[in-house]
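Below is one structure, written out as structure tokens; comments come after it.
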Amino acid sequence: MTRRIDLVADLGESFGDWKMGDDDAMLDVLTSANVACGFHAGDPRTMDRTVAACVERGIAIGAHPSFPDLVGFGRRAMDLTPHEVRTDLTYQLGALSGFAAHHGTALAHVAPHGRLGNLVAVRRDYAEAVVEAVRRFDERLIILAQDGELATAAREAGLAVGIVGIVDRAYRSDGTLVPRSEPGAVIHDPAEVADRSVRLVTEGTLTSVDGIDLAIEADTLLMHGDNPGAVALSREVRARLEAAHVDIAPLDAARLR
């Protein structure tokens with residue numbers, strides 16, 4: 001049976017003269033993009049270029065909001081209130097939406113970044129703050145998340161949810177990701193990542209670091225684009241999925257509700 005999957009990556013994470021990743025090459029592989037909104041990475045010129053490149057290739061554009069942590073790349077815990085989370089998210093959605101409108105398009109989804117993305121999976125107050133910001137901004141937007149508090153709160157609010165499979169990261173038996181600070185948290189071998197991708201999409205399972213098979217019904221696979229081997233790895237994943245007769249296509253909100 002043919003399966004359908006979206007391929008997404010975090011893009012637009014360069015800042016000024018400092019460049020991260022090969023966004024142009026990654027866009028040839030993807031069907032969606034999470035675009036940094038200036039709080040953990042990105043700037044107005046980078047956002048403008050990234051959105052324009054997505055429009056040129058027909059790539060669905062999503063906001064990738066984070067904690068206001070440019071120095072820490074959004075990966076540090078910050079003691080924000082839910083009100084601060086909501087208002088910071090609204091600010092970032094507005095910024096990226098402006099560039100999307102300039103280029104004749106609109107945002108398709110929202111995917112919280114880094115430490116914020118980790119915390120909304122386990123903190124109900126943060127999850128509800130994100131949902132409230134998205135619902136008030138544009139209730140048609142898809143929420144990209146792992147199974148957890150954000151996905152639950154979004155569904156309860158009537159928002160479409162796309163479950164993210166992160167195939168180049170190791171999972172614990174409880175379904176959370178192994179922290180990047182621990183050995184083996186990131187998987188770099190393209191063949192292994194491609195094997196995991198095909199298995200996740202066609203069988204709905206991944207094996208945790210302690211040998212437990214996890215049931216994960218992913219709607220999109222996250223390709224990390226911020227390392228030297230990212231493009232080759234992503235091309236390998238897409239080729240293997242297509243060989244397995246998987247349909248590579250952007251997320252459809254109507255299918256996710």
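Basis for what follows: all heavy atoms, side chains included, without hydrogens, waters or symmetry-related copies.
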Carboxylate-amine/guanidinium proximity below 4.0 Å for [X] and [Y]:
| X | Y | value |
| --- | --- | --- |
| Arg135 | Glu128 | no |
| Asp138 | Arg140 | yes |
| Asp195 | Arg240 | yes |

statement: Sequence neighbours excluded, the answer for salt bridge (charged side-chain N to carboxylate O under 4.0 Å, His left out) partners of Asp69 is Arg76

message: Under the ring pair (Phe, Tyr, Trp, His ring centres under 6.0 Å) definition, can you give me all pairs with a residue in residues 26-60, not counting sequence neighbours?
response: Phe39-Tyr91, His40-His64, His40-Phe73, His40-His113

Decide whether [X] and [Y] are clustered together by the hydrophobic rule: side chain heavy atoms of Ile, Leu, Val, Met, Phe, Trp, Tyr closer than 4.5 Å, transitively.
| X | Y | result |
| --- | --- | --- |
| Val8 | Ile61 | no |
| Leu144 | Leu107 | no |
| Leu221 | Ile59 | yes |
| Phe15 | Phe99 | no |
| Leu206 | Leu233 | yes |

- prompt: When you look at His188 and Asp168, which way does the side-chain contact (heavy atoms from CB on, under 4.5 Å) test go after all the steps?
  reply: CA-CA 7 Å; His188 298 286; Asp168 65 351; over 6 Å; no

Closest approach of [X] and [Y], non-hydrogen atoms and distance?
| X | Y | result |
| --- | --- | --- |
| Val201 | Arg3 | O-NH1, 2.7 Å |
| Ala218 | Ile5 | O-CD1, 3.5 Å |
| Met26 | Ser234 | CE-OG, 3.3 Å |
| Leu11 | Ala33 | CD1-CB, 3.8 Å |
| Leu93 | Ala133 | CD1-O, 4.3 Å |
| Ala41 | Ala36 | O-CB, 3.5 Å |

Is any side-chain heavy atom of [Y] closer than 4.5 Å to one of [X]?
| X | Y | value |
| --- | --- | --- |
| Arg4 | Asp252 | yes |
| Ser97 | Phe137 | yes |
| Leu241 | Val237 | yes |
| Arg172 | Pro179 | yes |
| Ile216 | Tyr171 | yes |
| Leu80 | Pro68 | yes |

In Å and rounded to the nearest 0.5 Å, what is the [atom1] to [atom2] distance from [X] to [Y]?
| X | Y | atom1 | atom2 | result |
| --- | --- | --- | --- | --- |
| Ser173 | Asp210 | OG | CG | 4.0 Å |
| Thr50 | Glu13 | OG1 | CD | 9.5 Å |
| Leu256 | His109 | CG | NE2 | 11.5 Å |
| Asp88 | Leu116 | CG | CG | 9.0 Å |
| Arg196 | Arg169 | CZ | CZ | 10.5 Å |

Taking side chain to side chain contact (heavy atoms under 4.5 Å, CB included) as the test, write out the residues that go with [X], two or more places apart.
| X | value |
| --- | --- |
| Asp28 | Arg57 |
| Thr31 | Asp6, Leu7, Arg238, Ile248, Pro250 |
| His103 | Asp48, Val51, Ala52, Val55 |

query: Between Val134, Asn34, Val110, which is the residue that forms a side chain to side chain contact (heavy atoms under 4.5 Å, CB included) with Pro65?
result: Val110

Would you give me the side-chain donor-acceptor pairs under 3.5 Å for residues 148-166, sequence neighbours excluded?
| unit_1 | atom_1 | unit_2 | atom_2 | d |
| --- | --- | --- | --- | --- |
| Thr152 | OG1 | Gly148 | O | 3.1 |
| Glu156 | OE1 | Arg124 | NH2 | 2.5 |

Main-chain N/O of [Y] paired to [X] side chain as donor or acceptor, under 3.5 Å:
| X | Y | result |
| --- | --- | --- |
| Gln92 | Gly38 | no |
| Thr205 | Ala215 | no |
| Glu84 | Thr81 | yes |

- prompt: Do Asp43 and Thr46 pass the side-chain contact (heavy atoms from CB on, under 4.5 Å) test, and can you show the C-alpha distance, the side-chain angles, and the key distance before you say yes or no?
  reply: CA-CA 5 Å; Asp43 58 52; Thr46 300; 3.1 Å; yes

